[in-house]
Colleague: 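Before I ask anything, here is the structure I am working with.
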Amino acid sequence: MSVKTHETPAPQREPDAGDHLLEVRDLVMNFPVRGGGFLRRVVAQVQAVSGVSLHVDEGETLGVVGESGCGKSTTGRAILQLHTPTSGSVRFQGRELVGLSAKQLQPVRRDMQIVFQDPYASLNPKLPVNDIVAEPLKVHGRWKDGGPEQVAELLRLVGLSPEHGNRYPHEFSGGQRQRVGIARALALEPKLLVLDEPVSALDVSVQAGVVNLLEDLQERLGLAYIFIAHDLSVVRHISDRVAVMYLGKVIETGPRDDLYDRPAHPYTQALLSAAPMANPKEERARERVILTGDVPSPLNPPSGCRFRTRCWKAQEICSVEEPALVDRGNGHPVACHFAEVTAR
Amino acid sequence: MTTPPNVPLEPHAVDPHAFDNPVTGASQLLDSAEEVHVGLTLDAVRPPSEEEILTVENLTVEFPTEDGLVHAVRGVSYTLREREVLGIVGESGSGKSVSSLAVMGLLPKSARVKGRILFRGDDMLKMSARRQRGLRGRKIAMVFQDPMTALNPVHTIGDQLAEAVLAHELMPRKTALARAKEMLDLVGIPQAEARLRSYPHEFSGGMRQRAMIAMAVINNPDVIIADEPTTALDVTVQAQILEKLLEVKDAVNAAIVLITHDLGVIAGMAHRVLVMYAGRPVELGDTDSVFEEPRMPYTAGLLGSIPSLDKGSGSARLRPIKGTPPSLINLPTGCPFSPRCPLATDVCRTEEPPLAETDGGGHYAACHHWDRLAAAEDPTEFFRTESETVA
Amino acid sequence: MTLSAQAPGPDTGAAQGMTIVARTQAQMVRRRFFRHRAALAGMIIFGFVLLLSFSSIGFLGIPGWWDKSYLATGALVNQGKPTLSVVPEFLGGSGIGLGEHPFGQDDIGVDYFAKTMRGAQQSIIVAFLVAIVATSVGTLIGAVAGYYRGKTESVLMRFTDVMITIPVLVIAAVIGRRFGDSGVVLLGTFIGLVIWPSMARLLRGEFLSLREKEFVEAARALGTPARRIIFRHILPNTVGVIIVAATLSVANAVLLESALSFLGLGVQAPDTSLGQLINEYRTAMVTRPWLFWWPGIFIIAIALSINFIGDGLRDAFDPRQTRVRA
């Protein structure tokens, strides 16, 4: 897989169609908080995603990392139009998706699918696995041309035996269920898969098998992935490029090794330093950046840079001016006034 | 029972710059930031002594259920030394949590517990209920995974902390509250005085876990059992909590049993590791030797399954363990790991190996073929997948 | 990776080569239900009442094994006292036997056994109709409100709230007065149209939680039409709740019908129901108590046994509420 090297500072580029497989621009997703009472007036807005721009090319994996509440899952769902974005644009194969009706979205759904985190909740417990995998074929009128064979083929593809297709989800282990979820997502031969924490609910020994499967499938089918996760090492393992999110914004993005080896944003640095490694000697010797406090509420995010309340570099300007996500001389875009410039 | 004199708490002075750790790759990129708070590491806290305070001998736990008898724990033995951090690692259903709940006496009545749990030489399973209560919560305290369910939502944090003290010691409520405030300060909750009057839902996840830790150490315990204390938390908050756990442990001079599924957490936090699989301990030893020279294929398989934060994926492909953990109702005969083990031979399928000493000092493994692992250059190589050999 | 190749469990219900958990939900429900003693007893009692009432005097023109009609009058024998005897002769009784009029006769000489059986039939029919209608309407409204949310939900649920605030008995009384003599079918249907709100609330709650489940989200991501999501993906997951609620509403409906008829607003003479019988003979409590007790016993038997069945079903569908001790 080739790593995209032509990293362009997104905000300055003109919108152009057909360049990338998926192009997300200034995506905003606010959820209204309603008060009680008869009118249920909107009393506040949860600013889950606040102006996210990113793109994915054919056959590549974009890793999206961040802690809970950073808006990474909401971004994934908004891309698929499972949430209607408050504003912004989502272009898939050059076509604008925001504002399309359910009917107009129908053909797009074939090309974009999602795999969820919880393999216990993502499969309908009342349907046998065959029916679960057949569902997309039936909904899209493809059941007639050899439906059962297609289902068997899909199960084989994800490493399950088709003979087990008439069993119900509860008869499978977590890893096997996650494979069923992947088979369902692949049924319509999509070009892009949004993988929302696909392995974080699985046991370590099982997780590796699913990660390997995802890699194999990408190679065989030429899929593009948006891999959303909080586990930094899994993201490093599978991604070509990575975007780090904090409180609804992308704060740093770049080619994988660039970002992991030369993180420029204080948050990325703290995140990397906090992630535990299975290497006792290094772990004990390592100096960790321990951030103080917790992530602020997305109901009322800090002014200026959203990370400033926990940042050890924060100064006056950080509360006034929001840093743009641009390349500051370190090879990839960073949203920090005091981004660390490392010699390359 | 008489209450021992209350040892005054004197938080061990923590100065990260006092310890000259070798500068590693991860910290190099941070050297420009002086103001940054650098965390405490295991090497920086007081080392364990040789005195054994908690000994678990041949502990078994069974649960009768609708589907049959669940053999949740099948013969766990370990010792915990003073000030030691013992990590218990395993996947879901390995019995790691159940064995600790048994120590705390928190299992449901239906559970059948056998074996011996010795606290400073006294068998807790043979004690009167009253003496058990005297130990649990005071000498042995617990930190749970989910502080939201472990804290009572209708009482203030201060009340709950004071209650924890008053359950074991007679003192004026005011004194207990003062102690509670002291504890909140210790675990790094700002404005402790005001926070005593807060309810759990007013705290963030990290703060709640801090409050849980405060509650655990408020009676000066000798042993803290931490069951997945950071699993529900984010990475940056996890780092805070783990550091706090070490700091607090040093302040009250306690030992910790740290239960987790995260090998990374164990690597940084534990002096010794106990690996559990299907209700049995399968490997026990110093953290360094278990991670570097695993003598049980399961441990090696776990290590091969986790991607590294250091290297990219281009080079290394993950080496998963095939299959899934066995049902605790119908365990396979012989070694429970044998159906998934690339080293398994006929003897593995008929005879369950005991946890026996291997080559290293104090390094135990339950495997017939640990010597083959010892002979291998890379212990994870047995788990290499077909596609990897092709590629 | 294939399915775990574990040894088949000792449980014969499990399919070959499957682990012990590999039991379909229906099997588990059945198993738990049959372990529930009260539910089993309830089922036997209710089955007996059902069989007795419909087979004895016949139904819809089909004759039963009991030769007397609930309408035909006859000569009063022994002041209409019950001839049913259960005390054997060797204990000083008159031997086990039904006699001419096991439940006695009413004041104009109608066989009271036949009358009670007719009453039970009518009560059961009304109760089941009420349950069916209330469940269907409640499920539909609850499902639509819960799935679509927004304005649809607001309108439907406010309407439901209004319905709930009006005492059921009052509306039912109005309906009973208007339709009571047009037969039990109409009566049952209309009462059902009044008592659906609790069902709608229950279903709305279920839908609200299920619609946020990831498998529903997955269906939406596939572009599945709303109707298919509701009926294929969500509704089957509420079957347990619906069955339990429907069962318990049958028991309530029996009591509601009795109450209405007791007030003289339900089934009208010459047809009869259990409640109506009690109403008619409540003054005979002292003089001829059997006229009061027989329908009373049947009301209690029906309502109680169905309640037990409902409890058993709830435990069977939701085992978390009760731990089965081995």
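Every heavy atom of this structure was used, including side-chain atoms; hydrogens, water molecules and symmetry mates were not. A note on names: the letters A, B, ... follow the listed sequences, proteins ahead of strands, and every chain is numbered from 1.
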Colleague: A/P276, A/P280, A/A208, A/A274: which one forms the most heavy-atom pairs within less than 4.5 Å of chain B?
Modeller: A/P280

Colleague: Looking at side-chain heavy atoms only, is the closest gap between A/T253 and A/V244 below 4.5 Å?
Modeller: no

Colleague: Select one option (side chain, backbone, both, neither) describing which atoms of B/Q240 are under 4.5 Å from chain A's heavy atoms.
Modeller: both

Colleague: Please flag which part of A/V211 lies under 4.5 Å from any non-hydrogen atom of chain B: side chain, backbone, both or neither.
Modeller: side chain

Colleague: Between B/D288, B/L263, B/L302, B/T287, which shows the greatest number of heavy-atom pairs under 4.5 Å with chain A?
Modeller: B/D288

Colleague: Could you walk me through whether A/H337 and A/Q315 pass the side-chain hydrogen bond (donor to acceptor under 3.5 Å, both in side chains) test, one step at a time?
Modeller: CA-CA 9 Å; A/H337 295 299; A/Q315 295 189 16; over 6 Å; no

Colleague: Consider only side-chain N and O atoms of B/R340 and B/Y277, and report whether a donor and an acceptor are under 3.5 Å apart.
Modeller: yes

Colleague: For the residue pair A/E67 / B/T236, report whether a side-chain donor-acceptor contact shorter than 3.5 Å exists.
Modeller: yes

